[in-house]
2 protein chains.
Amino acid sequence: MPNSSTTHEVLTAVFQVRHFPADAVASRSGAVCHAGGATELAVLLWQRARDPQADAWSLPGGLVRNDEDLITSARRQLAEKVDVQEVSHLEQLSVFSDPHRVPGPRTIASTFLGLVPLPADPKLPTDTVWHPVSDLPEMAFDHGTVVEHARTRLAAKLSYTNIAYGLAPAEFPMSTLREIYCAALGYQVDATNLARVLGRRGVLTATGNTARSGRTGGRPAALYRFTDSCLRVTDEFAALRPPV
Amino acid sequence: MPNSSTTHEVLTAVFQVRHFPADAVASRSGAVCHAGGATELAVLLWQRARDPQADAWSLPGGLVRNDEDLITSARRQLAEKVDVQEVSHLEQLSVFSDPHRVPGPRTIASTFLGLVPLPADPKLPTDTVWHPVSDLPEMAFDHGTVVEHARTRLAAKLSYTNIAYGLAPAEFPMSTLREIYCAALGYQVDATNLARVLGRRGVLTATGNTARSGRTGGRPAALYRFTDSCLRVTDEFAALRPPV
DNA sequence: ACAAAAGTGTTCGTGCTACACCCATGG
DNA sequence: CCATGGGTGTAGCACGAACACTTTTGT
């Protein structure tokens with residue numbers, strides 16, 4: 001039987017927007033580091049203790065059991081690294097199936113994108129660390145490629161879905177949402193227009209609450225929440241819309 | 001070992017825009033049938049001869065071998081149904097992994113979208129037929145869901161990529177491209193605006209040739225081809241464009 | 001000349017960006 | 001009362017939809 005020894009694993013790129021202190025940032029080159037560090041998109045990685053690829057960094061995941069579907073498997077594997085309650089969004093990415101992508105028995109990898117919202121800060125095992133995506137360490141196997149795919153997918157979906165609900169707190173001022181978009185997209189986004197775009201599409205709902213202004217003054221910010229807490233496509237057709 | 005008996009299969013939804021004669025169309029309800037039949041998006045299906053689900057219709061595919069990646073497997077499986085040279089585009093869709101999606105040993109299905117251009121008309125085995133997607137027969141297992149996913153993905157990509165190269169002939173007038181878009185999207189598209197949109201994005205290139213006008217007169221049409229013959233995203237950001 | 005099909009030009013609406021200007025709060 | 005951050009108003013631009021009008025062919 002030519003396929004008897006093929007196994008199937010799940011790998012998840014879990015992202016969160018996190019603040020990295022100045023000293024950690026200073027050593028790197030291209031990072032946007034204003035005083036006090038930088039707010040960046042981070043991915044959860046663990047460092048391999050044993051060969052193959054000892055010391056290289058891996059995505060959380062593992063073999064799929066015979067009685068679970070892939071998303072269940074992904075959640076189960078993540079439970080070993082973070083509190084699963086904190087994972088607000090999980091979706092399938094593509095499958096990596098090169099017969100020689102890992103040494104040993106042939107293993108097909110189904111990859112997932114996971115999101116953890118602010119301000120969660122789960123306790124992590126000692127081998128597991130959040131890494132800024134702008135400065136990834138040496139990655140095991142094809143895991144670096146998986147992270148790139150996940151990043152690209154996240155950036156794309158930020159522009160035509162409400163996927164940011166997976167990164168944002170339950171209630172937030174526009175300035176926080178702006179930081180999230182800037183970190184995840186990697187370029188500056190205007191809070192004014194962001195509010196208008198997402199407002200028009202019905203993605204955001206005003207809660208009526210306001211944040212207290214900071215020590216340094218300033219008008220108190222209105223607080224918003226995401227209208228839906230599951231993925232919704234909000235701008236389906238860029239062109240070639242169906243006639244009304 | 002909890003995962004020793006899991007197998008992996010590939011399923012491909014192969015689409016082509018095809019002309020169905022009037023008598024075949026007349027019996028159906030909602031189809032757009034002008035005199036002479038209808039031009040519709042069709043999917044390649046084969047009818048199961050044996051249980052389980054004898055007589056129900058299935059997507060082409062089969063088990064993945066230990067030494068091939070998924071896309072190679074998909075091409076190999078398709079070779080049994082159509083001339084693989086005719087498949088102009090093949091891309092991954094999502095994975096179906098419910099442990100009970102098929103009877104017998106647990107089988108994970110990786111699904112693909114395949115496209116066959118006009119005017120190819122491959123010889124098919126006797127159990128295999130092109131079915132209009134607007135009138136699918138009883139489908140085996142979860143194959144109906146797979147076809148729906150594939151259709152949705154195709155429609156979405158028609159609006160922001162050059163994926164129509166996979167359905168169009170090497171050289172074509174705008175009227176033909178219009179038919180392709182109408183069939184695949186399921187609604188009317190204006191040839192005038194289609195040419196402008198795709199032209200502006202650099203998707204289409206004029207060949208300089210012209211088609212002869214039909215028996216009934218009319219101005220000869222300019223012929224175009226797709227600039228690229230592999231997938232290219234042509235309208236990446238619907239909103240939240242990066243600053244210039 | 002007329003019908004048919006292709007191509008062009010024009011108007012309109014909409015959505016996003018950019019930026020100037022007004023509002024509320026703390027020191 | 002001024003600095004700071006939040007919010008509103010508005011002008012401009014780019015894109016696509018719709019549709020009238022012109023061009024080129026066959027009969």
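The figures here come from the full heavy-atom set of this structure, side chains too, leaving out hydrogens, waters and symmetry mates.
Residue A:A222 is classed as a sugar-phosphate contact, given heavy-atom separations below 4.0 Å to backbone atoms only. Here A:T192 lies in heavy-atom contact (under 4.0 Å) with a base. Using a 4.0 Å heavy-atom cutoff across all strands shown, B:R201 reaches sugar-phosphate atoms only and no base atom.
When rounded to the nearest whole Å, the span between CD of A:Q188 and P of C:dA18 equals 11 Å. Between B:E236 atom CD and D:dA14 atom P there is a gap of 20 Å when expressed in whole angstrom units. Rounded to an integer number of Å, the gap from CG of B:L158 to P of D:dG16 is 15 Å. Separating the OH atom of A:Y187 from the P atom of C:dC16 is a distance of 13 Å, rounded to the nearest angstrom. Atoms CZ (B:F172) and P (C:dA5) sit 20 Å apart, rounded to a whole Å. Nucleotide C:dC16 holds its P atom 16 Å from the OH atom of A:Y160, rounded to whole Å. Taking atom CG of B:D190 as the reference point, atom P of C:dG9 lies 16 Å away to the nearest angstrom. Taking atom CG of residue A:L194 and atom P of nucleotide D:dG6, one finds them 13 Å apart after rounding to whole Å.
Comparing B:L240 and B:P173 by the nucleotide of DNA chain C that holds the closest heavy atom to each, the one mapping nearer the 5' end is B:P173. DNA chain C is contacted by both B:R241 and B:A221; B:A221 maps to the nucleotide lying nearer its 5′ end (nearest heavy atom per residue).
Each of A:D83, A:V87, A:V10 was checked for a side-chain contact (heavy atoms from CB on, under 4.5 Å) with A:L78, and the lone residue meeting it is A:V87.
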Taking only nitrogen or oxygen atoms into account, show me every contact under 3.5 Å that the protein makes with nucleotides 24-27 of chain D, one pair per line with its distance.
| from | atom 1 | to | atom 2 | distance (Å) |
| --- | --- | --- | --- | --- |
| D:dT24 | O2 | B:R219 | N | 3.2 |
| D:dT25 | O3' | B:S213 | OG | 3.2 |
| D:dT25 | O2 | B:G218 | N | 2.8 |
| D:dG26 | O4' | B:G217 | N | 3.4 |
| D:dG26 | O3' | B:R215 | O | 2.7 |
| D:dT27 | OP1 | B:R215 | O | 3.0 |

Name the pairs: protein N/O against N/O of nucleotides 10-13 of chain D, kept only if under 3.5 Å.
| from | atom 1 | to | atom 2 | distance (Å) |
| --- | --- | --- | --- | --- |
| D:dT10 | O4 | A:R196 | NH2 | 3.3 |

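Distance alone, capped at 3.5 Å, is enough to place a donor-acceptor pair between the B:T161 side chain and the B:K157 backbone. Panel note: side chain A:Q188, backbone A:C182; no donor-acceptor pair is recorded below 3.5 Å. Within the 3.5 Å criterion, the main-chain N or O of B:E148 finds a donor-acceptor partner in the side chain of B:T152. Judged by distance alone, the side chain of B:E236 and the main-chain N or O of B:Y160 form no donor-acceptor pair under 3.5 Å.
Of the charged side-chain nitrogens involved, none lies within less than 4.0 Å of a carboxylate oxygen, so that A:R178 and A:D190 do not count as a salt-bridged pair.
Closest approach to the B:S175 side chain among C:dG7, C:dA6, D:dG16 is made by C:dA6 (side chain taken as heavy atoms from C-beta onward).
A distance below 6.0 Å separates the ring centres of B:F96 and B:H149.
B:E40 and B:S134 form a side-chain donor-acceptor contact under 3.5 Å, judged by distance and modelled atom types alone. In the model, A:T72 has a side-chain atom that pairs as donor or acceptor with a side-chain atom of A:D69 under 3.5 Å.
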